[in-house]
Amino acid sequence: MAYLALASAVLDAPNFESGAQVLAPWARRLADLQRAAGVGNRLRKMRRPAVINEMMAAVAPRSSRVVGALAAVRPVGISPCHVPHLADAADYSELVAAHLPGTSPVWGRRFTALALARLAGASSWPRAAEVLGMDDGKAIRAATKVVRRISDADAFWERVTLVAERLHERGLVDYAARRTGLADLCELPDGALAPVFRPLGMSVTPQRRRHAAAWIWQRFTGGDPHEAPAYRQEWGNATAESIRAGWWRFQTRLPAPAATALDAWGIVHLSGKGIS
């Protein structure tokens with residue numbers, strides 16, 4: 001009955017303008033729900049009277065013109081090489097998350113990284129993924145699904161610009177060089193972990209050597225640890241679920257002295273390749 005009442009109020013309106021006025025708040029509500037769910041227009045395949053289509057076209061909020069908004073964004077002075085695959089967690093939660101409702105932090109941070117690459121000069125979302133060396137499938141998913149949730153393109157780009165400014169303030173890092181320098185780090189040598197782990201009562205297993213390599217890769221590249229080189233090789237009979245569980249245990253239970261030692265090892269390892 002509610003649907004019929006709404007339809008009657010629209011179709012019985014004395015003229016096009018008043019009918020569109022009745023429909024407008026519902027059109028905005030529909031757009032908000034679709035944006036929050038990350039889906040397209042679910043009414044597009046439904047047969048409707050021509051006048052309804054005309055009214056919807058007149059009152060429905062325009063889709064987020066994120067690409068067009070780039071022209072109004074001031075230069076930020078960063079290059080794609082300065083962008084990690086996942087934007088800093090604190091920067092994202094404080095500045096960008098509110099503009100991507102219904103988005104998980106990892107996907108929001110990935111999309112923010114793509115947006116930073118756009119600010120740095122990438123002409124399209126696919127091009128942003130290319131210059132970042134990001135997985136194409138994940139980049140496309142982020143760009144096509146997350147972008148729909150942006151209701152205010154100008155505000156979104158203002159916040160991403162602030163993220164870029166924070167990168168500047170902290171000192172620009174060549175993440176692309178770090179990804180290259182750590183591309184072959186699949187496990188740490190036994191000698192690198194033993195002096196730290198054994199005094200803490202932690203045995204040095206092949207699994208921990210690989211998790212440690214992934215920890216260093218994440219720490220210095222700002223990437224998704226599940227994409228680390230250590231997890232791209234075969235782990236014997238281990239399943240993806242068990243590897244993820246092992247990583248979670250490793251990084252949540254890693255003692256502070258061990259983390260400090262791994263951090264120092266990573267610095268020395270990159271310095272040996274001329275990378276800071």
Side-chain angles (χ1 to χ4, degrees), residues 35-36 38 63-180 182 217-228 251 263 266 270 275-276:
R35 204 171 280 124
S63 59
S64 180
R65 294 181 59 81
V66 177
V67 175
L70 271 172
V73 178
R74 62 183 181 276
V76 293
I78 64 172
S79 298
C81 67
H82 300 134
V83 180
H85 282 180
L86 298 180
D88 179 80
D91 290 348
Y92 173 72
S93 63
E94 294 169 11
L95 299 174
V96 183
H99 296 279
L100 302 178
T103 305
S104 70
V106 170
W107 282 101
R109 291 168 63 196
R110 193 186 307 277
F111 181 70
T112 302
L114 288 167
L116 286 168
R118 296 295 311 277
L119 289 185
S123 58
S124 65
W125 298 115
R127 179 58 181 160
E130 182 181 347
V131 297
L132 291 181
M134 188 181 291
D135 178 88
D136 289 343
K138 292 182 178 180
I140 292 172
R141 178 181 172 187
T144 57
K145 292 182 72 68
V146 179
V147 73
R148 298 173 184 168
R149 300 172 183 175
I150 300 173
S151 59
D152 187 335
D154 291 335
F156 170 78
W157 284 114
E158 287 175 5
R159 292 295 178 150
V160 175
T161 301
L162 291 178
V163 175
E165 291 175 354
R166 286 191 179 185
L167 291 177
H168 247 298
E169 292 169 2
R170 288 193 289 261
L172 295 178
V173 173
D174 191 338
Y175 288 104
R178 287 183 173 185
R179 287 192 291 268
T180 299
L182 297 173
W217 185 87
Q218 177 197 38
R219 160 72 178 82
F220 288 94
T221 69
D224 184 339
H226 300 108
E227 298 174 10
Q251 58 101 13
D263 190 72
L270 286 172
I275 302 170
S276 58

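Here, residue 1 is the first one in the sequence, and each next residue gets the next number.
- For V131 against A122, the heavy-atom pair with the smallest separation is CG2-CB, 4.3 Å.
- Checked by atom type and distance alone, the side chain of H168 pairs as donor or acceptor with a backbone atom of G77 at under 3.5 Å.
- The OG1 atom of T103 sits 4.0 Å away from the CZ atom of R149 when rounded to the nearest 0.5 Å.
- Shortest non-hydrogen contact noted between D224 and W217 is O-CZ3, 3.1 Å.
- For the atom pair CG of L114 and CG of L132, the computed distance is 6.0 Å after rounding to the nearest 0.5 Å.
- Looking at heavy atoms from C-beta onward, R170 lies in side-chain contact with D91 at the 4.5 angstrom threshold.
- The two atoms that bring S79 and A120 nearest to each other are C-CB, 3.8 Å, heavy atoms only.
- Residues W125 and I140 fail the side-chain proximity criterion, which asks for heavy atoms closer than 4.5 Å.
- Note: F156 and H99 have perpendicular aromatic rings, judged against thresholds of 30 and 60 degrees for the angle between ring planes.
- Salt bridge E169/R166: absent, no basic N to carboxylate O contact under 4.0 Å.
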**OP:** Decide yes or no on side chain to side chain contact (heavy atoms under 4.5 Å, CB included) for K138 and H85, but give the supporting numbers first.
**Re:** CA-CA 11 Å; K138 292 182 178 180; H85 282 180; over 6 Å; no

**OP:** Would you please test K145 and F111 for side chain to side chain contact (heavy atoms under 4.5 Å, CB included) and show each step?
**Re:** CA-CA 10 Å; K145 292 182 72 68; F111 181 70; over 6 Å; no

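- No donor-acceptor pair under 3.5 Å is formed between the side chain of R178 and the backbone N or O of G222.
- R109 and A87 make their closest contact through NE-O, 2.6 Å (heavy atoms, listed as atom of the first residue, atom of the second, distance).
- Residue R179 holds its CZ atom at 8.0 Å from CE of M134, rounded to the nearest 0.5 Å.
- With contacts defined as side-chain heavy-atom distances shorter than 4.5 Å, the pair V163/R159 does not qualify.
- Residues L167 and L116 meet the side-chain proximity criterion, which asks for heavy atoms closer than 4.5 Å.
- The minimum heavy-atom distance linking A90 with S93 is given by the pair O-OG, 3.1 Å.
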**OP:** Evaluate the side chain to side chain contact (heavy atoms under 4.5 Å, CB included) criterion for residues L100 and W107: first the C-alpha distance (whole Å), next the side-chain angles of each, then the deciding distance (0.1 Å), finally the verdict.
**Re:** CA-CA 10 Å; L100 302 178; W107 282 101; over 6 Å; no

Original post:
Can you check side chain to side chain contact (heavy atoms under 4.5 Å, CB included) on I275 and D174, steps first, answer last?
Top reply: CA-CA 8 Å; I275 302 170; D174 191 338; over 6 Å; no

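- Taking 4.5 Å as the limit, some side-chain heavy atom of L172 sits within range of a side-chain heavy atom of I78.
- Side-chain contact between L119 and W157 is present, with at least one heavy-atom pair separated by less than 4.5 Å.
- The minimum heavy-atom distance between D263 and F220, with the atom names listed, is O-CZ, 3.4 Å.
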